[in-house]
Each structure stands twice: as C-alpha cells, then as structure tokens.
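Below is one structure; the comments refer to it alone.
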Amino acid sequence: MTVIDQPYAYQRRELTEPDWQRFPGWADVTTAQWESAQWQRAHCVKNLRQLREVAGPGLSEAFCADLERDQRERATMSMLVPPQMLNTMAPAAGPGEPGFTEAFYADPVRRYMIPVFSDRRGDWPSHPYATRDSLHEAEMWAVEGLTHRYPTKVLAELLPTCPQYCGHCTRMDLVGNPTPTIGKLKFGMGRDDRLAAMIAYLKATPGVRDVVVSGGDVANLPWPRLEAFVTGLLDVDSIRDIRLASKALMGMPQHWLGDEVRAGMERLGARARERGVSIAIHTHVNAAQSVTPLVARAAQAMLDTGIRDVRNQGVLLRGVNDSPEALLDLSFALLDEAKIMPYYFYMCDMIPGSEHWRLSLAEAQRLQHQIMGYLPGFATPRVVCDVPYVGKRWVHQVSRYDTDLGISYWTKNYRTGVEAKDELALSREYPYYDPIYVLPEPGQEWWRARQQDPVAVA
Ligand code: SF4
C-alpha cells in the first residue's frame, strides 16, 4: 500500500495529565487534593511570589524580572492561573532540570497566560486603533451587561470575573482586577437587579432566540444563582438555544466535575429537554496540551447530563497555535479524546498590548486553507474575524483587502441598536487592521508617518 506524504500527518495521541509533583511547591499534593475544585481555587497563582513558590529556584531571575516588568508596564489582565493550567506548561520539563526556564519561556500556554515584557513588540506594542472594549459590547448593552449585537442572539455578561485570567482577554475593559496601567469598568447595578433586568428584556424581545451566558466565566457564579438564571431563561418561550461560556471547563475542570454542579446541570438538562431547548457549554482551549484526561472527564460529565453539546472557541495567537499542525493537533485532541466540538478560532481582537499575539488576515486565511480536509466537515473550525460594529465574519468573507497597508474592509447584513436609524449601515464598509510589523516596508512607513500625526490616528 502506498503511503502518501501529506502536509499534516494525523496520529492519534493519548491524553496525559502532566505530573504536578515535578513542581517543588506541589511535591506533596495528593490526587484527591488535585481533583478538588476548592483546592484548585485556593492555590491559584496570582503573583510572582506565588509562581516562585511553586516553581522553585528553577525559574530564572531574568524570567521573573521580565514578568514583573510586564505586570508593571504592559499587562491588561492581572495574573490568575489555576494549578491545572500551570501544570500543562512545559509539561515535559522539571523545574529542577537544566533548560526549564527556556522550556517555560517557549511554552504556548505560558505565552498567553503568563505574558512577559519581552514577548511584546517594542515597536508596536499596540495598534494605533486598538481600544479597550474593542468590540463595542458595552455600547450595545440593551440593559447593563446584556449585549444585543446580532438580530436573534444576545450575550449576557453575568459577572466580571473568571477562575483564570488570559493575557489576551478581549473583555479586558470589564473583566478581572485592575492592573497598574488599566482600570476596569464597573457594573453600576447590583447583580440580582441586573440579571432580573436581562430576563425582563428577553421576555419583552421575542425576536431573540439564543443567549450566550457568559462573563467573565460562569464557573465563578455561585451555582444556585447560575441555575436560577438559566431556569429563568428556560421559562422564556422564545429562547431556543442557551450557551454557557466557561473556559474553566479546561482551566479548572474540577469545578465542572463537582457534585453540586453536575446535579444542577442534570436538572437544567432535563428541563431543557422538556422544553425542546438546546443547552451547550462553550469553552476556550488554545493548545492541544491543555486537553488532559481531567478535561475530557469534565466534558463527558457534562454530556452525560443530557445537554446538547460541548464546543470549543479558541483564539488564534502567534506563538501559541499559529500553525496548521498546532490547530489540527488541538482540534483532533478535542474531538477524538474529549468529545468537544472544535467550532471557531477567533482572530485575536484589537485590544491594547495584543500586537505580538495578533495575526494578519492573510495569515489567518492561509491557516484556514491549510486545515481544510483533515477533520470531518462538521468539526472543521471556522477561522473568524470579529470586526468591530460588524460581528463575526469568516476570514474569506472580506469585501476588500489592502495588503500593503494591512486594512481589510467588511460589510454587514443586519443592524444593531446603535445603527437603528443609520441608512448606510448595510452598504458601508467597516475596516479591520493587520498588525503593522508584518506589513511590507512601505506600509509600515505609512503607519509610522500617521503615528506622528495625532489627528490622522485619532
Ligand atoms: S476566560 Fe474568557 S473572559 Fe475570562 S479572562 Fe479568559 S478570555 Fe477573558
């Protein structure tokens, strides 16, 4: 039989839980402790001192200084890394062994969860058009925290916290603790009033059939409050799809494996089936090594509650997953070993400090092309650009693209509340921008000239 050489060689890989006891700070941690959500929450790494305590002297002083500088001068998110996630970084290296710091520096999960100053671009740390709330979600709040950005679906931001904080978080405006350079937007209303106002809006707006229940991360809402909110949604006749957004399914699978959560999800699953409504969990995994046996167990536990699906929306990040091998390895690990449906890869949004992570549209289009044909069609993730004021667009749907200046132009086919009276909303082209440092030199020069003219980049 002839074996044909392919650009990507599929190979089934067994999932592994890296040995957490390789970290000096966790040398005595038992399996029972590791699998307890309470232990994971109590031992999250929140600062450099705690990272040092876990990793021991194997992490070099130079790395620590690099991290400290980033926290002080660039970080848009404060540090919060559950042990489960930290343990998947440099999984084959022991902190006591030579080369640990180098492996830690190079690790894809480290690159987005524990960014350091030297990761970022010195020339263009931020795009001139980067903004906090780059998707204008707050501008489209129908009630506080409820973004009505598409005709038939809404995003409900229930809370501004997560069990883990990702360096590239698109909701850096609202989510997490303030950092030395970034203050955070605060909800004005109390939580219960806000959540009640969301349900009231949805009852009064039958055109909305789909609710993304998010935050933050719903894993940080006390279970009874989350169950009450989702039950409230299930009582709204027009709601047909409910998606619970939780990166913690990967970052802290112990939460979703807890007895209270599983029993509660079973109740919600049963009620949803009675009502003919689909509940799914949407998670956020960016690297194959994050898919461990515990993550697969959590996904299976959720599917066993009778919900419709567990799906993944990853983010395309340079240095993390910007190759066809990385995207396909991740998609196969999710699909084959954890029963999680690979679904979307978003281009990283244009928030401050994200340039080193962002890819150009041309790079994203190339990746989409390269991953076609390996996975089943239903599990082939779409690479999408979330264009400000437009919404998610498949990367090949661009209307026009100036590759010299790195400006793509997009159109839309629906109005949001902010354009209700805008007659040109559906004929206008909306721009999106490539990172400047990947452009040909004349394009970079064009942007440098504009940067010196504050009016041109206002
Ligand atoms: S889990 Fe999601 S909302 Fe929370 S910090 Fe990460 S990207 Fe942001």
Side-chain angles (χ1 to χ4, degrees), residues 37 40-41 44-46 70-71 74-86 88-89 108-115 130-135 137-138 145-147 149 155-179 182-187 212-221 226 243-256 280-287 290-291 295 298 310-317 320-321 330 340 343-354 357-358 384 386 392:
Q40 289 279 333
R41 283 188 194 270
C44 283
V45 169
K46 300 187 211 62
D70 197 73
Q71 294 279 298
R74 291 275 189 269
T76 55
M77 299 299 288
S78 60
M79 206 171 156
L80 184 63
V81 189
Q84 172 73 25
M85 281 198 87
L86 184 51
T88 61
M89 298 178 200
V109 180
R110 194 288 300 161
R111 282 175 190 268
Y112 81 90
M113 288 304 292
I114 310 183
T131 50
R132 303 170 55 124
D133 193 10
S134 72
L135 302 178
E137 288 177 333
L146 189 78
T147 302
R149 196 155 78 100
L155 165 77
E157 296 164 321
L158 301 196
L159 76 172
T161 67
C162 310
Q164 62 283 308
Y165 290 136
C166 316
H168 65 281
C169 178
T170 213
R171 282 194 198 116
M172 48 71 70
D173 188 40
L174 176 76
V175 169
N177 305 309
T179 70
I182 301 284
K184 301 283 167 163
L185 185 68
K186 292 258 179 290
F187 286 130
V212 177
V213 182
S214 184
D217 186 320
V218 295
N220 260 19
L221 200 61
L226 179 61
R243 314 187 237 165
L244 306 179
S246 178
K247 185 178 180 115
L249 187 86
M250 173 277 283
M252 197 182 283
Q254 295 85 350
H255 170 84
W256 291 98
I281 293 186
H282 280 207
T283 194
H284 169 190
V285 189
N286 296 333
S290 302
V291 187
V295 174
V310 180
R311 308 184 183 113
N312 184 55
Q313 306 187 337
V315 178
L316 202 54
L317 298 163
V320 175
N321 53 20
L330 168 56
I340 298 174
Y343 159 53
Y344 267 159
F345 284 110
Y346 285 92
M347 293 177 68
C348 177
D349 290 321
M350 291 182 59
I351 50 145
S354 66
W357 280 309
R358 295 204 310 122
V384 292
D386 206 338
K392 280 170 276 296

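The figures here come from the full heavy-atom set of this structure, side chains too, leaving out hydrogens, waters and symmetry mates. Just so you know, ligand 1 is whichever comes first in the structure, and atom 1 is the first atom listed for that ligand.
- Partners of His255 by ring-ring contact (aromatic ring centres under 6.0 Å, His included), not counting sequence neighbours: none found.
- If you count the protein N, O or S atoms nearer to atom 4 (Fe) of ligand 1 than 2.8 Å, you get 1.
- Under the side chain to side chain contact (heavy atoms under 4.5 Å, CB included) test applied with Gln164, the options Val81, Asn220, Asp217 reduce to a single match, Asp217.
- Qualifying ring-ring contact (aromatic ring centres under 6.0 Å, His included) partners for Tyr165, counting only residues two or more places apart in sequence or in other chains: none.
- The backbone N or O of Ala75 lies less than 3.5 Å from a partner atom in the side chain of Thr179, making a donor-acceptor pair.
- Using bins of under 30°, 30° to 60° and over 60° for the plane-to-plane angle, the ring pair His168/Tyr112 lands in the perpendicular bin.
- Applying the salt bridge (charged side-chain N to carboxylate O under 4.0 Å, His left out) test to Arg243 and every residue at least two apart in sequence or in another chain returns Asp210.
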